[in-house]
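One structure, as structure tokens, below. Some questions next.
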Amino acid sequence: QVQLVESGGGLVQAGGSLRLSCVDSGRTFSRRTMGWFRQAPGKEREFVAAVTWTDYSTSYLNSVKGRFAISRDNAKNTVYLQMNSLKPEDTAIYYCAAGNSGVWAGFYASADFYTAWGQGTQVTISS
């Protein structure tokens, strides 16, 4: 069973950095594509980044390309989101998500691809 726990959120000034972590307590992390989503107040949840379990390829929301980096450490069952050059519009609750074990085909930017979600961590960027 997958249980995801995020950490690393907080309040930083614009231009600053944060690193989010998400630990999977299950035993199949290494065979799951992992994603990060975010939801700002009054807005729908949106895809931020994903990293596959097959070749560790990554994909990003256009507005975060070059500023955010997703990575994974299978030995620690952990996926990270390094966020640099943060902007006030990055303010949101950030959620970690896990795809089904062994599944590699799909649209990683869709929330429907993922079957497990963390509780979220708040990221607030002040101007």
Might you point out which heavy atoms bring N84 and S17 nearest each other, and give the distance in Å?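 What the structure gives for the nearest pair is OD1-OG, 2.9 Å.
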Got a sec, which residues hit side chain to side chain donor-acceptor pair (under 3.5 Å) with Q122, two or more places apart in sequence or on another chain?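 Expected list: T124.
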Could you work out, with side-chain contact (heavy atoms from CB on, under 4.5 Å) as the rule, every residue matching S127, not counting sequence neighbours? P88
With disulfide (SG to SG under 2.5 Å) as the rule and sequence neighbours excluded, what pairs involving residues 62-93 come up? none
Can you list every pair that meets disulfide (SG to SG under 2.5 Å) and has a residue in residues 25-101, with sequence neighbours left out? C22-C96
Examine F113 together with Y108 and report whether their ring centres are nearer than 6.0 Å. yes
For residues 18-37, which residue pairs qualify under salt bridge (Lys or Arg N to Asp or Glu O under 4.0 Å), counting only residues two or more places apart or in two chains? none
Measure from the side-chain N and O atoms of T91 to the backbone N and O of I125, and report whether any donor-acceptor pair falls under 3.5 Å.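 Judged by distance alone, yes, a pair lies under 3.5 Å.
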Pairwise salt bridge (Lys or Arg N to Asp or Glu O under 4.0 Å) hits with a residue in residues 33-45, at least two apart: R38-E46, R38-D90
Co-membership, hydrophobic cluster, residues V79 and W104, 4.5 Å side-chain: no
Name all residues meeting the side-chain contact (heavy atoms from CB on, under 4.5 Å) criterion together with T58; count only those two or more places apart in sequence or in a different chain, and write none if there are none.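 Testing T58 for side-chain contact (heavy atoms from CB on, under 4.5 Å), a comparison that skips the adjacent residues, returns V51, Y60, I70.
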CE-CG distance between M34 and L81, expressed to the nearest 0.5 angstrom: 11.5 Å
Hydrophobic cluster membership, L18 vs V64, 4.5 Å side-chain cutoff: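 Linked within one cluster.
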Any donor-acceptor N/O pair, Y56 side chain to S71 backbone, under 3.5 Å: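 No; judged by distance alone, with no hydrogens or angles, the pair does not exist.
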Is there side-chain contact between L4 and V23, with at least one heavy-atom pair below 4.5 Å?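 Counting from C-beta outward, L4 and V23 never come under 4.5 Å.
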Where at least one partner belongs to residues 109-120, residue pairs that pass salt bridge (Lys or Arg N to Asp or Glu O under 4.0 Å), sequence neighbours excluded: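 Pairs touching residues 109-120 that pass the test: none.
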What is the distance from atom OG of S126 to atom CD of Q13, rounded to the nearest 0.5 Å?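 It is 5.0 Å, given to the nearest 0.5 Å.
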Which atom pair, heavy atoms only, marks the closest approach of G99 to T115? C-OG1, 3.9 Å
For residues 23-53, which residue pairs pass the disulfide (SG to SG under 2.5 Å) check, not counting sequence neighbours?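 The answer is none; no pair qualifies.
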For T121, the side-chain contact (heavy atoms from CB on, under 4.5 Å) test, sequence neighbours excluded, returns E6, L20, Y94
I'd like to know whether CD of Q39 has more than 12 heavy-atom contacts from other residues, nucleotides or ligands below 6.0 angstrom. yes
Applying ring pair (Phe, Tyr, Trp, His ring centres under 6.0 Å), name anything that partners W117, two or more places apart in sequence or on another chain. F37
Are the side chains of F29 and R72 in contact, using a 4.5 Å heavy-atom criterion?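 They are in contact (side-chain heavy atoms under 4.5 Å apart), so the answer is yes.
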Transitively linked via ILVMFWY side-chain contacts under 4.5 Å: Y95 with F68?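 Different clusters.
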Less than 4.5 Å apart, any side-chain heavy atom of T52 and any of D55?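 With C-beta onward as the side chain, the pair touches.
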From OG (S25) to CG (N77), nearest 0.5 Å: 8.5 Å
Sidechain-backbone polar pair: W53 side chain, V103 backbone, donor-acceptor under 3.5 Å: yes
In chain order, what residues pass the side-chain contact (heavy atoms from CB on, under 4.5 Å) check against D73, with sequence neighbours excluded?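 Listed in chain order: A75, K76, Y80.
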Is it the case that one hydrophobic cluster holds both I93 and V123, taking links as side-chain heavy atoms less than 4.5 Å apart, direct or via other members?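 No: no chain of side-chain contacts under 4.5 Å links I93 to V123.
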